[in-house]
Structures are given as structure tokens and as C-alpha cells.
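Note sheet for the following structure.
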Amino acid sequence: MQYLQSRFALTAALTVATSASLFAQSFVAGDLWARGGVGSQSVVARIDGPGNWLPVLSGQLTSHTDDLHFDAYRARLVAAWQVSSSPFGLYEIDAAGTVDLVVGTGVMPGSIAPVGDGRVYMHVEGAAGGSFRCVDAAGVLHVLTDANTGQPWVPGFPFGGSSSGMAYDATSNALILAMRGNVNAGCGGNPAALILHKVPLAADGLRVVGPVTCLEPFSTYWGSVPDPVGFSRLPSGNLLLTTNVVTTNPVNAALLEIDPVAFTATAWAAPDFAGAHTIAAGTWSSAAGGACVIDVMNDRLHVYSQGGVGAGAVVPISASLNSVQLVEIPAHAAPCDGAFTSYGTGLAGTGGSVPQLGATGCPDVGQGFELLLSKGLGGGLAVFAFGLTSASVPLFGGTVLLGQIDLLVPVVLNGAVGVGGSGVAELPLAFSAPSAIGASLFVQGAVFDAGAAQGLALTAGLQITLGP
């Protein structure tokens with residue numbers, strides 16, 4: 001990319017982005033935020049130290065159990081929901097309660113799991129366990145595929161609804177799924193109390209590779225089983241899984257430490273109090289120095305240290321809740337100032353699949369990011385075309401979305417050879433020249449594909465605005 005960087009350094013007449021920040025920056029590390037059902041309204045609120053419920057947003061919001069998280073990349077809360085008559089999809093919420101659609105999904109997403117580089121994994125409800133998708137930093141929605149077949153990956157076991165949760169682990173590059181055991185049989189084929197699955201991903205994050213492994217944290221099964229109600233990250237790097245307590249047999253440790261690499265589960269704390277079966281949410285809190293859980297029977301926040309039992313330290317909440325989700329704002333770097341923006345439309349190739357161009361990471365000068373070309377012809381040849389201006393030129397049966405093309409970077413797509421929609425390629429980029437700050441670079445992908453109208457399938461365009 002040295003040629004492009006030199007052009008940035010020498011060219012003054014470049015597209016300059018607005019200097020206004022694209023992100024809300026008023027979330028404070030250590031604050032607890034929640035989405036809870038208060039009466040007939042679903043309310044997004046901050047919970048302060050004394051337990052005051054401080055709402056910033058109310059409305060008729062559909063929700064699932066594990067679909068409220070803080071996304072450090074966007075520096076906003078992200079949630080799967082439907083706002084009034086707006087589309088089902090992934091939404092982002094700033095600290096003032098402003099809601100923006102990130103991407104529509106057509107049907108209701110359930111559990112979500114932000115990565116921190118712009119990607120957010122989502123489970124979308126449907127038959128055979130539904131489908132798993134990933135929205136990238138450019139707002140492009142990708143369907144996770146089976147690396148062996150190139151077809152959309154489905155879990156083969158029931159997953160979703162109000163009795164499941166999902167987390168992404170970067171160290172093992174895998175999704176960790178949790179579900180209540182009476183939804184289906186456990187790892188050994190018999191009923192189980194709680195079931196976890198580890199779903200390994202390819203380096204591009206868009207394909208499932210290798211076997212899916214199964215874990216039963218409890219060796220016994222009883223008629224009433226715990227629901228997973230939230231993943232968070234412990235200081236050790238392991239995951240903390242919050243579940244509720246079964247009142248007829250409160251021997252299950254409701255807080256579990258999950259080692260996502262070894263894929264083991266150990267008891268972390270054992271809440272046990274009247275109403276513990278209504279624990280509806282939990283998170284590790286650096287500010288509290290322990291794990292926080294909320295029970296909606298008593299409208300109380302309980303704080304536990306590792307090995308804690310009983311009611312823990314109790315803080316009453318000043319709201320009457322009928323459901324709740326909970327997340328702590330972590331200590332995090334400043335949000336990305338650069339941005340990705342998709343524009344125009346692509347052109348289909350084999351099987352009617354339109355290649356997609358998205359991105360992960362932060363396009364700030366001095367940071368690295370990656371372009372992702374997906375849904376191309378498996379095993380096919382493709383190019384990333386770069387330019388300093390956008391355009392709309394009818395060509396190849398579609399539209400070329402660049403003005404002058406300054407650079408072509410060829411790549412070979414992986415995926416099932418000859419299968420339309422299975423091909424994926426990544427291209428890592430980084431810009432170091434300070435003179436590039438504020439400039440816009442335009443990219444379009446092209447896939448050589450005999451199944452396209454004139455032998456070339458095209459992606460939509462992607463504008464990359466470089467931040468400081």
C-alpha cells in the first residue's frame with residue numbers, strides 16, 4: 001500500500017470526513033447498565049451505586065435473555081430487538097438513549113456476542129437451531145458457513161429463545177454457546193441440567209471448522225433446570241456464566257467460571273436466597289470487585305466474591321422489574337474515529353450469490369484493519385480494487401463503483417471449490433502517514449466467475465474514512 005500512502009501524502013484534494021466524532025463517548029468505565037421490563041415497557045437504564053434506576057430510553061422493545069452488551073469498537077451498547085414498527089435487527093444505543101439500526105436481519109436475533117473489532121456475532125431464530133451470522137464493522141451481514149460444505153452452518157441442536165446465551169473467545173477463536181439442558185439431550189444423549197458447546201471458527205471468523213465440542217457443567221439432572229442469563233469476562237480472561245438457581249434443588253452454583261481454551265467449567269459462587277430462582281442477569285464488575293446478579297422477585301442487586309454463598313452484599317434497586325439484562329461498561333480504549341461505509345450494489349455470480357465486501361478493525365492511522373470479501377465463488381480468483389474517488393459506471397452487467405483505479409490486489413478465495421457463495425478472502429491493511437488522516441479511500445471487490453452475467457461478480461463499494 002506504499003503507492004496509495006504516497007498519493008495521500010501528495011494529494012491535497014481528497015475527500016475529508018466530518019471532524020465531529022461518530023460515537024458517543026459518555027459511557028463511564030465501571031458503570032452498570034441494564035435493560036429491564038418495568039411494567040409494560042422495556043427500559044434501558046444506568047444503575048448507580050446506591051441502586052437508583054436511571055432510565056434513558058423506554059419503549060415497546062422486544063428482547064431476549066442475552067442480547068445486551070457493550071461494544072468497545074462502537075463505544076455503545078448493542079442489542080438485538082425491534083423498536084416499535086422498525087425492523088428486526090442489531091441496534092446500537094448511546095448513553096443519551098439514542099438508538100440507531102446497525103443492520104436489519106428480517107427475523108428476530110437472539111443472543112449476540114461482540115468481538116471488539118467491529119464484528120458482532122448473532123444467532124437468528126429459526127428451524128434446526130436457527131442460523132448464526134456476523135455483522136462486521138461496515139455493517140455488512142455475513143452468514144456463518146460450514147468450512148467443509150460452504151453451506152450455512154446450523155448447530156444440529158435446539159438453540160435460542162430465552163434459555164440460551166453466547167460469547168466469543170478471541171484466544172480460541174470460538175463461539176461458546178450455553179443452553180438449558182431440558183431443551184434437548186446433553187452430551188451423552190441423556191437429559192442434562194445445563195449444556196455448553198464450543199464452536200471453533202476459521203481465521204476469517206466466517207466459517208465453522210473442526211468438531212463442535214460439548215460440555216455438561218453438572219453431573220446430575222433434575223426436573224427444573226437453570227437458565228443461562230449472561231456471559232461476562234473475569235479478570236483472569238476466563239468467562240463468567242450467570243445462571244439462576246433451581247429452588248427445588250439449590251445445589252447448583254449459579255455462577256460458573258468457564259475456561260474457553262480448555263473448555264472446562266468450575267463453580268465460582270453459589271447464590272442461595274429466597275427468590276434466587278428469579279436471577280435474571282449477571283456480570284463481573286470491576287467497580288464492585290465481584291460478580292453482580294439481579295433477582296427480579298425482590299428487585300435487588302447481589303454482589304459476590306469468588307466462593308461467595310447466600311445473598312451476598314445486597315443493594316435494593318429503585319424499580320419494579322419483571323425482567324432484566326445487565327452489563328458493566330469495561331475500561332476500554334477510545335472509540336475508533338475512522339469509519340467504514342458501504343455504498344452501491346453488487347452483481348451476483350454462481351448460484352445467485354452476490355459477493356459481499358466488509359471490514360473488521362479500526363481504520364485509524366497507525367492501527368491495522370482487514371477487508372473481508374465473502375460469498376464469492378469458492379476457490380475462485382478475486383481482486384480488491386482501490387481508488388481515491390467513487391463513481392457509478394455501468395460495466396460487466398453491473399456497476400463499477402470506483403473512479404480511477406489506483407491499485408489492484410489479487411487474492412484466491414478459500415471455501416468449497418466451485419460452490420457459489422462459499423468463497424472468502426481477507427486483506428490486512430494499515431496506514432501510517434499522518435497526512436492520510438481524514439482522507440477517504442474507496443474499494444470494490446470483483447470475483448472471476450463464469451456464472452456471472454459477463455464472467456465477473458461484483459461487490460458493493462466500501463468507503464474507508466481514515467481517522468487519527
Side-chain angles (χ1 to χ4, degrees), residues 90 103 105 109-124 126 128-157 159-160 166-177 197-214 260-261 263 346 348-361 369-382 384 411-428 445 447 449 451 457 459 462:
L90 180 71
V103 66
T105 55
S111 301
I112 65 174
V115 174
D117 62 0
R119 288 178 293 169
V120 180
Y121 287 96
M122 296 186 290
H123 173 254
V124 177
S131 65
F132 288 79
R133 307 184 189 185
C134 177
V135 58
D136 65 24
V140 176
L141 191 64
H142 306 265
V143 177
L144 267 61
T145 60
D146 187 313
N148 294 320
T149 66
Q151 299 302 308
W153 182 78
V154 292
F157 48 82
F159 182 80
M166 178 167 64
Y168 172 80
D169 178 63
T171 303
S172 55
N173 190 28
L175 295 175
I176 308 298
L177 312 179
H197 292 89
K198 180 177 180 179
V199 182
L201 303 173
D204 56 41
L206 303 180
R207 295 171 297 140
V208 175
V209 297
V212 175
T213 49
C214 182
V261 177
F263 202 40
T350 295
S353 179
V354 179
Q356 294 180 338
L357 179 61
T360 62
F369 60 95
E370 288 187 339
L371 299 182
L372 292 171
L373 196 162
S374 66
K375 299 190 72 174
L377 182 66
L381 177 66
F384 291 91
V411 292
V412 176
L413 303 179
N414 55 31
V417 177
V419 175
S422 71
V424 178
E426 303 168 84
L427 182 64
V447 180
D449 184 345
T459 71
L462 185 68

What one should report as the nearest heavy-atom pair of Gly150 and Ser422 is CA-CB, 3.5 Å

When every non-hydrogen atom of Thr149 is compared with those of Ala416, the smallest separation belongs to O-CB, 3.9 Å

query = Can you list the steps and then say if Phe263 with Ile176 is a side chain to side chain contact (heavy atoms under 4.5 Å, CB included)?
reply = CA-CA 9 Å; Phe263 202 40; Ile176 308 298; 4.2 Å; yes

In this structure, CG of Asp169 is separated from CG of Leu201 (nearest 0.5 Å) by 10.5 Å

Separation between NE2 (His197) and CZ (Phe159), nearest 0.5 Å, reads 9.5 Å

From the list Asp136, Val115, Ile112, side chain to side chain contact (heavy atoms under 4.5 Å, CB included) partner of Val120 resolves to Ile112

Exam field: side chain Tyr121 to backbone Gly205, donor-acceptor pair closer than 3.5 Å = yes

dist Leu357:CG -> Leu372:CG (nearest 0.5 Å) comes out at 8.5 Å

Do side-chain atoms of Asn414 reach the backbone of Val424 as a donor and acceptor pair under 3.5 angstrom?
-> yes

**Asked** When you look at Leu177 and Phe132, which way does the side chain to side chain contact (heavy atoms under 4.5 Å, CB included) test go after all the steps?
**Response** CA-CA 11 Å; Leu177 312 179; Phe132 288 79; 3.9 Å; yes

To the nearest 0.5 Å, atom NZ of Lys198 lies from atom SG of Cys214 at 13.0 Å

Between Ser374 and Leu206, the two heavy atoms sitting closest are CB-CD1, 3.9 Å

Tightest non-hydrogen contact, residues Val209 and Ala147, listed as CG1-CB, 3.5 Å

Are Val208 and Thr145 close enough, and set up right, to give a side chain to side chain contact (heavy atoms under 4.5 Å, CB included), and what steps lead you there?
CA-CA 6 Å; Val208 175; Thr145 60; over 6 Å; no

- State, with a plain yes or no, whether a side-chain heavy atom of Val212 is found less than 4.5 Å away from one of Pro155. no

- Under the side chain to side chain contact (heavy atoms under 4.5 Å, CB included) criterion, do Leu141 and Leu90 qualify, and how do the steps go? CA-CA 10 Å; Leu141 191 64; Leu90 180 71; over 6 Å; no

For this session: Without swapping roles, check the side chain of Lys375 against the backbone of Thr459 for a donor-acceptor pair under 3.5 Å.
Result: no

| said: With heavy-atom distances below 4.5 Å as the criterion, would you say the side chains of Thr360 and Glu426 are in contact? | reply: no

Residues Pro152 and Val143: closest non-hydrogen pair is CB-CG1, 3.8 Å

In short, Asp204 meets Arg119 closest at the heavy-atom pair O-NH1, 4.3 Å

